[in-house]
There are 2 protein chains.
Amino acid sequence: MAVSRRGPRERMVFSAAQLIRRDGVAATGLRDIVEHARAPRGSLRHYFPGGKEQLVNEAVEWAGRYAAKRVARFLAEMPEPSPSRLFDAMVRQWTDEYRSAGFAAGCPVVAATVDRAGSAESTGQATAAAFAAWNRPVARALTEMGVPASRAVSLATLMISALEGAIVIARAERDVRALETVARELGPVLDAGVTPRD
Amino acid sequence: MAVSRRGPRERMVFSAAQLIRRDGVAATGLRDIVEHARAPRGSLRHYFPGGKEQLVNEAVEWAGRYAAKRVARFLAEMPEPSPSRLFDAMVRQWTDEYRSAGFAAGCPVVAATVDRAGSAESTGQATAAAFAAWNRPVARALTEMGVPASRAVSLATLMISALEGAIVIARAERDVRALETVARELGPVLDAGVTPRD
DNA sequence: CGCCCTCTATGACAGCCGTCATAGTAGCGG
DNA sequence: CCGCTACTATGACGGCTGTCATAGAGGGCG
């Protein structure tokens, strides 16, 4: 696997993101992460002297970069990009996973935001940065498709909001219905460039 | 307080919902709930023989009923109901809370969905039921406003998805921007297709 | 009174948590 | 060979978790 090619440190961050998005932050133990990453437990302290908080933060940051790269790939694979087609691709990533692998996991950034366990000031900043890192390429893509710059960021926020909400509902219902619904209902809106209220 | 008028059992469910939506399920201890509810710890086992799982499920169900009732109240207070105005009211509930009380808490149903801690089959059903209980009055309100029945459920799902996603982003950013954005961008979309007045 | 039923009090239990202390290994430059 | 650095191994620590066992109030009622 390409994964095991990476160093233990990177594997731990990756495994942390994977377990967090499945079980939540509090329910994910350091020992679980180490085992899932097939990494030596003795190295935990060495690589992450900041403890669990640091590992969680890096996992969130990793997820933000991953989502951003994913957007770029969607656009690269798209012959004639359009807002609705981009949104479709973003949604389809989740419907595909849920259909093939079940509804066990959600978005790690959402998990880290919701399950902040009270403390963790730095985790709050990490989640905000992750959402920003995700929003940025989406908004930029929209502007390149002809959406006015003033609305591009807003539409990107709407897309990500609807997607994240639908992910949660899909997990609860164990059905991709909500994901398909937001794609179907929001797609035309994104293409039309509906004039916002006064 | 009206709250302390209620029996200890109901207070525990209420406190559970309140703590879960702030810290998540796993990070919320039974002892925290009992203390927050000013309820006797000895009664926990008596009222909730199903343990934490039962208490969490009841908190989620309570939240679903609460959200449904809230929709009814929004409509009752609305002179001339419209889809966008309903959505505005739903969003404003959260912007108001965040502005006045800070970004500590989110939606308990989302927390219970994301933070399912692996097990808890019954909690999955409870969260699905809660979303359904919330969707139902929204969809019904939309049909009464002139939205075709076939699209009412879809639009309700879109509204709730966008709202929930924006709640999460707002908490991460510690800013109501995302909430205001989805209200502004989605409002006109929801009204479109509705024949204005008789 | 005595009995029952609802509710409460208290403490112990095993188990997991994140953190940390200590020791040890491998490799490399000198 | 040394010393040094990077990394790993292992186990213990206090603290918190949900669960449970046992005992005891309090009140209605015959």
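Only heavy atoms go into these numbers, but all of them, side chains included; no hydrogens, no water, no symmetry mates. Residue numbers start from 1 in every chain, and the chains themselves are labelled A, B, ... in the order their sequence lines are given, proteins ahead of strands. Note that the coordinates shown come from a computational prediction; the quantities given were computed from them, not determined experimentally.
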Nearest whole Å is fine: how far is [N] [atom2] from [X] [atom1]?
X: L44(B); N: dT10(C); atom1: CG; atom2: C1'; result: 14 Å
X: R38(A); N: dA9(D); atom1: CZ; atom2: C1'; result: 19 Å
X: F48(B); N: dT8(C); atom1: CZ; atom2: C1'; result: 15 Å
X: E35(B); N: dT17(D); atom1: CD; atom2: P; result: 11 Å
X: R31(B); N: dA12(C); atom1: CZ; atom2: P; result: 13 Å
X: E53(B); N: dC20(D); atom1: CD; atom2: P; result: 12 Å
X: R9(A); N: dA6(D); atom1: CZ; atom2: P; result: 14 Å
X: R45(B); N: dT10(C); atom1: CZ; atom2: C1'; result: 15 Å

So does R41(B) reach the base of dG11(C) with its side chain, donor to acceptor, closer than 3.5 Å? yes
Report task. Without swapping roles, check the side chain of R21(B) against the backbone of C107(B) for a donor-acceptor pair under 3.5 Å. Result -> no
Exercise. Taking D115(B) for its side chain and A26(B) for its backbone only, find out whether a donor-acceptor pair lies under 3.5 Å.
Key: yes
Of dC17(C), dC7(D), dT17(D), the nucleotide closest to the side chain of D32(B) is dT17(D)
K52(B) has its side chain closest, among dT19(D), dT8(D), dT8(C), to dT19(D)
Taking the six-membered ring for Trp, are F131(A) and W134(A) parallel (under 30°), tilted (30 to 60°) or perpendicular (over 60°)? parallel
Using the ring of each side chain (for Trp, its six-membered ring), is Y98(B) parallel, tilted or perpendicular to W94(B), with breaks at 30° and 60°? tilted
Open item on the list: If you compare every side-chain N and O of Y47(A) against the phosphate oxygens of dA6(D) (OP1, OP2), does one of them come in below 4.0 Å?
Closed with: no
Nearest-nucleotide check on DNA chain D, M12(A) vs G51(B); residue mapping nearer the 5' end is M12(A)
